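Bear in mind the structure is a predicted one, so any value in this text is a computation, not a measurement. Just so it is clear, the values below take in all heavy atoms, side chains as well, and ignore hydrogens, waters and symmetry mates. Counting starts at 1 for both ligands and their atoms, in listed order.
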Amino acid sequence: MPTTLTDVFRAHPIHLPRSPQPHDFTSLCELPDSFTWTHKDDLLFSAATPDYADSLPVVDLSDHDSAASAVGHACMTWGAFQVTNHGVPLPLLDDIEFLSRSLFQLPPHRKFKAARPENGISGYGVARIASFFHKQMWSEGFTLAGSPLDHFRKLWPRHHLRYCNIIKEYEEQMQKLARRLTWLVLGSLGVTEGDIKWAGPNSDFNGAQAAIQLNHYPVCPEPDRAMGLAAHTDSTLLTVLYQSNTAGLQVFKDGFGWLTVPPIPGSLVVNIGDLLHILSNGRLSSALHRVRVNQDRPRFSVAYLWGPQADVQISPLPKLVSPVKPPLYRPVTWKEYLGTKATHFNNALSAIRVDDNKNNVVGIFGS
Ligand code: OGA
Ligand code: NI
């Protein structure tokens, strides 16, 4: 039996000094101290760079001639991009937003019925990264790995099948898109289907694991002092994000700081995760991103967190390694990496970095 994501999270419960509880945001008219962030709470708290003309590249996936090089360029410069004409039916994006709004609009006691269990992955709760911060984030989330049936039955006793069908269709479409994007990104590095055995005989990443993360950022009385979702990289190969038509997502660009990703109706945001960072031997960097909140509009987003089979060894691809570019990271399974991330958070990549000392490099090349 392949390990499921649920098993992985069960094996790596996050031990918190203080376990954050989901909040009833509607009852908060002022920003409580426990939600007020400063630089002391997050060194990356600085405001976004205003009026920066350059924004996240937009790639038209229907333009086969230019999509590959545009994706390659975007990954090298930003670690993220938006895609249009991606093949995911637009009514399905409306449906997933409808599902998300319906879910988060439920009264708190109904949402708590489907709360994420302490050592589980699926269910309602605060962001998993909440454990790394003393202050609380202005958001609530719902994670789904595997069938939504049990949780949705608790949320919508009479209408759950309708919502389950949306998730099923969304997962199918996202899986198809994520596979295609993964090959586009790898192709831009000169990696071909034969180079990745674990992608399977049909190169379709059969058995790959994924989770869906629904996020809600309620309107906030003092958005400048609040944090929707603190800066992080995703522990995925890549992530495909649908955002409602409200700004909030920001990507960190070296030398420029935080830049807002403007919502483009019908488009999807793609960001490189830590596992592609490792596979590419650091040629691609996982995108550091965060979410800020708004005073007048709530925001909804749906992240499709796409990774390999949990037990496959992920290591810098031989094609991208040479005596002058030795492997920067030791091999890790997704399962193991999630454990490292649960301990080291934003330093997880450094934690698996191979020492730069010569003996180590010689050892790896066996010479
Ligand atoms: C995430 C994430 C961004 C957003 O769920 O990992 O980064 O816009 N979400 O909600
Ligand atoms: Ni993320």
Side-chain angles (χ1 to χ4, degrees), residues 5 9 14 22 25 42 44 48 55-56 78-83 93 96-97 99-101 103-104 116 121-133 137-145 170 174 178 181 209-220 223 226-252 258-265 267-277 285-294 297-307 334 337-338 341-342 345-346 348-349:
L5 262 193
F9 280 91
I14 295 179
F25 292 93
D42 181 3
L44 293 163
S55 72
L56 206 64
W78 288 77
F81 52 96
Q82 304 212 56
V83 286
L93 299 181
I96 199 80
E97 184 172 334
L99 179 151
S100 232
R101 285 180 186 269
L103 192 159
F104 291 116
R116 184 193 297 138
I121 171 172
S122 290
Y124 173 75
V126 295
R128 279 179 63 82
I129 64 170
S131 53
F132 295 101
F133 298 92
M137 295 180 227
W138 196 262
S139 58
E140 53 183 346
F142 199 100
T143 314
L144 281 169
Y170 196 74
M174 282 295 137
L181 288 165
Q209 304 265 326
I212 291 180
Q213 173 69 34
L214 308 171
N215 299 306
H216 172 218
Y217 305 91
V219 290
C220 177
M227 179 58 83
L229 187 61
H232 66 281
T233 58
D234 294 342
S235 311
T236 54
L237 284 168
L238 54 78
T239 303
V240 181
L241 183 96
Y242 168 75
Q243 55 172 342
S244 64
N245 197 15
T246 303
L249 176 65
Q250 297 177 347
V251 172
F252 192 86
W258 289 108
L259 302 167
T260 297
V261 179
I264 302 174
S267 76
L268 295 163
V269 182
V270 181
N271 67 265
I272 300 295
D274 295 343
L275 300 186
L276 266 177
H277 186 127
S285 286
S286 47
L288 189 64
H289 56 285
R290 69 176 187 186
V291 180
R292 300 305 299 264
V293 293
N294 299 285
R297 300 182 61 179
R299 180 169 178 277
F300 297 87
S301 70
V302 183
Y304 182 74
L305 305 162
W306 160 255
W334 195 14
Y337 187 71
L338 286 168
K341 191 89 167 202
F345 187 42
N346 281 343
L349 280 175

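Here CD of Gln213 is found 12.0 Å from OG1 of Thr236. Values are rounded to the nearest 0.5 Å.
Distances from the Ni ion (ligand 2) to the N/O/S atoms of Asp234 are shortest for OD1. Closest N/O/S atom of His289 to the Ni ion (ligand 2): NE2.
At the top of the distance list for atom 5 (O) of ligand 1, counting protein heavy atoms only, stands Asn215 ND2, 3.2 Å. Ranking protein heavy atoms by distance to atom 2 (C) of ligand 1, first place goes to Leu229 CD2, 3.4 Å. Counting protein heavy atoms only, atom 6 (O) of ligand 1 is closest to His232 NE2, 3.2 Å. The single protein non-hydrogen atom nearest to atom 3 (C) of ligand 1 is Val291 CG2, 3.6 Å, given as residue, atom name and distance.
Counting the atoms of ligand 1 from 1 in the order shown, those under 4.0 Å from a heavy atom of Ser301 are 4 (C), 8 (O), 10 (O).
Residue His289 touches ligand 1 through its side chain alone, judged by heavy-atom distances below 4.0 Å. Proximity of Thr239 to ligand 1, defined as any heavy-atom pair under 4.0 Å, is not found for any part of the residue.
Between Phe132 and Phe345, the ring-plane angle classifies as parallel under the 30° and 60° cut-offs. Ring geometry, Tyr124 versus Phe142: the interplanar angle falls from 30° to 60°, so the pair is classed tilted.
With hydrogens and angles disregarded, a donor-acceptor distance shorter than 3.5 Å links the side chain of Ser122 to the backbone of Ala145. In this structure, Trp138 contributes its side chain and Phe25 its backbone to no donor-acceptor pair below 3.5 Å. When atom types are taken as modelled, the side chain of Asn245 and the backbone of Pro265 share no donor-acceptor pair closer than 3.5 angstrom.
No side-chain donor-acceptor contact under 3.5 Å links Gln243 and Ser301.
Partners of Asn271 according to the side-chain contact (heavy atoms from CB on, under 4.5 Å) rule, which considers only residues two or more places apart in sequence or in another chain, are Ala80, Asp234, Thr239, Ala287, His289.
Look at Arg299 and you'll find a heavy atom under 4.0 Å from some atom of ligand 1. At least one heavy atom of Gln213 lies less than 4.0 angstrom from ligand 1.
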